[in-house]
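This report refers to the structure that appears directly beneath it.
First listed ligand is number 1; within each ligand, the first listed atom is number 1. Just the heavy atoms: all of them, side chains too, but no hydrogens, waters or symmetry mates, feed the values below.
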Amino acid sequence: VLAAMAAERALAMATCTAPVNIAVIKYWGKRDTDLILPINSSLSVTLHQDQLRTTTTAAASRDFTEDRLWLNGAEADVGHPRVQACLREVRRLARKRRGGAEDAAALGLLSYKVHVASENNFPTAAGLASSAAGYACLVSALARLYGVEDELSEVARRGSGSACRSMWGGFVQWQRGERPDGTDSLALQVAPETHWPELRVLVLVVSGEKKPVASTAGMQTSVETSPLLKHRAEVVVPERLAQMMRHIRERDFEGFGQLAMRDSNQFHATCLDTFPPIFYLNDLSRHIIALAHRYNAHHGHTKVAYTFDAGPNAVIFALADTVDEFVEVVRRSFPPATNGDQFVRGLPVGSAMLPQELVAAVVTEPVPGAVQYILHTKPGPGPQLVDDPSQHLLGADGLPRRRA
Ligand code: DP6
């Protein structure tokens with residue numbers, strides 16, 4: 001028994017999952033690049049982990065000789081400054097918690113090296129904000145390992161700004177904060193995912209994406225050169241944030257959708273206002289934007305709303321009763337190149353017969369093969385602990401398990 005206890009003490013492990021989030025009031029620009037403090041507050045919807053999630057296992061053992069990190073099965077640089085900032089901050093919080101026996105055990109663990117393995121259940125190449133889910137998951141797993149519970153969004157923020165919003169489910173605000181040390185720049189839940197059960201999300205993954213300008217570098221150039229971004233942060237966002245909170249509280253899709261589209265467009269306008277300019281939208285993104293507006297115009301109100309981050313994939317918000325019809329509109333507008341059965345993934349989508357007037361008004365010039373697939377999802381919860389030890393990504397030897 002003693003030997004077993006000793007062996008147990010020698011290796012501690014925790015596994016968590018964390019979600020992707022999509023901003024409807026965008027974060028773009030830092031006032032402090034080291035602490036990752038934004039120039040404006042932002043607001044996002046956390047997407048469901050049944051469709052998109054990162055899983056991370058963190059282990060500590062006195063037998064480990066160095067910190068190590070594996071991403072999607074390949075060893076990665078654990079010395080990356082943002083990974084190191086998260087490690088350092090979780091450990092600092094663990095030391096701050098003094099008292100009970102549990103804490104004492106954690107203090108023992110704190111002197112051990114860690115091994116971390118992380119994987120996404122979606123292709124990284126799909127450009128689906130994997131860094132937000134990745135850092136949220138890293139911080140969640142480390143926090144579990146060391147028994148830390150509070151202030152975690154501030155730690156995730158040090159990994160990637162948008163990652164702090166993935167520490168909560170549902171509708172989440174990242175308040176910019178005022179203090180220079182960043183202690184008030186944190187994420188807060190505006191409403192849980194159960195608040196708006198009819199809300200759905202369609203991710204239109206576009207084909208032939210080439211690597212865009214990384215957001216970290218792009219937003220710094222914007223801060224330095226775009227007068228529009230300065231106006232946006234000082235004047236536009238504070239007003240919009242209050243409006244958006246109200247639309248969410250009232251489950252007002254018209255207001256929510258209109259504002260989400262306008263804010264996405266203004267973010268991309270600040271990219272064009274950056275010098276030299278940055279382009280994240282491409283011809284296909286513009287095609288999807290025009291399609292959404294034709295569709296809404298045909299129905300006489302806002303049925304779908306698009307938003308785009310630092311890449312050309314479109315994220316579409318709609319209410320559940322619109323999904324079947326709009327997916328058919330997308331299928332007709334971007335006829336799948338091959339194996340059309342994989343065209344729609346995620347939550348089930350029913351078939352829809354499109355009225356002739358709708359097709360005539362909305363499906364103008366089809367572009368075959370332009371959309372690779374559609375992922376149907378909805379708002380979901382924040383990071384989750386994985387209880388089942390068979391789900392750990394690291395084996396008893398502390399090395400990545402063979403992937404299924
Ligand atoms: C366009 O969070 O990736 O997705 O803080 O430098 O890691 P860093 O940037 P990141 O930027 C995300 C920008 C965005 C808008 C948003 O998610 O709010």
So is there a nitrogen or oxygen of [X] less than 3.5 Å from a nitrogen or oxygen in ligand 1?
X	answer
Met219	no
Ser162	yes
Ser215	yes

Would you mind checking if Lys26 and Asp309 are paired as a salt bridge, meaning a charged N to carboxylate O distance below 4.0 Å?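 Yes, charged N to carboxylate O under 4.0 Å.
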
Taking only Lys NZ, Arg NE, NH1 and NH2, and the carboxylate oxygens of Asp or Glu, determine whether Arg232 and Glu234 approach each other closer than 4.0 Å.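 So Arg232 does not pair with Glu234 through a salt bridge.
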
Could you list which atoms of ligand 1 come closer than 4.0 Å to a heavy atom of [X]?
X	value
Ile36	5 (O)
Ala23	16 (C), 17 (O), 18 (O)
Arg82	6 (O), 7 (O), 8 (P)

Would you say that more than 12 heavy atoms from the other residues, nucleotides or ligands in this model lie under 6.0 Å from the CZ of Arg332, or not?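 Count not over threshold, so no.
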
Nearest neighbour in protein (non-hydrogen) for atom 13 (C) of ligand 1: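 Result: Tyr27 O, 3.5 Å.
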
Passes side-chain contact (heavy atoms from CB on, under 4.5 Å), Arg345 versus His376? Steps please. CA-CA 6 Å; Arg345 304 178 194 186; His376 183 204; over 6 Å; no

Would you please say whether a donor-acceptor pair under 3.5 Å links the side chains of Arg82 and Tyr135?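 No, Tyr135 and Arg82 have no side-chain donor paired with an acceptor closer than 3.5 Å.
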
Assess the side chains of Glu66 and His115: does a donor N or O sit below 3.5 Å from an acceptor N or O?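 Short answer, no.
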
Identify the residue among Asn72, Asn121, Asn120 that makes a side-chain hydrogen bond (donor to acceptor under 3.5 Å, both in side chains) with Thr54.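 Per the side-chain hydrogen bond (donor to acceptor under 3.5 Å, both in side chains) rule, the option paired with Thr54 is Asn120, out of Asn72, Asn121, Asn120.
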
Evaluating non-hydrogen atoms only, which member of Lys26, Lys30, Gln220 is closest to atom 6 (O) of ligand 1?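 Closest candidate by heavy-atom distance is Lys30.
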
Decide whether the shortest distance between a heavy atom of Phe267 and an atom of ligand 1 is less than 4.0 Å.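 Under 4.0 Å: yes for Phe267.
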
Against ligand 1, does Arg165 come closer than 4.0 Å with any heavy atom?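 In this structure, Arg165 qualifies as a contact of ligand 1 - some heavy atom is under 4.0 Å.
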
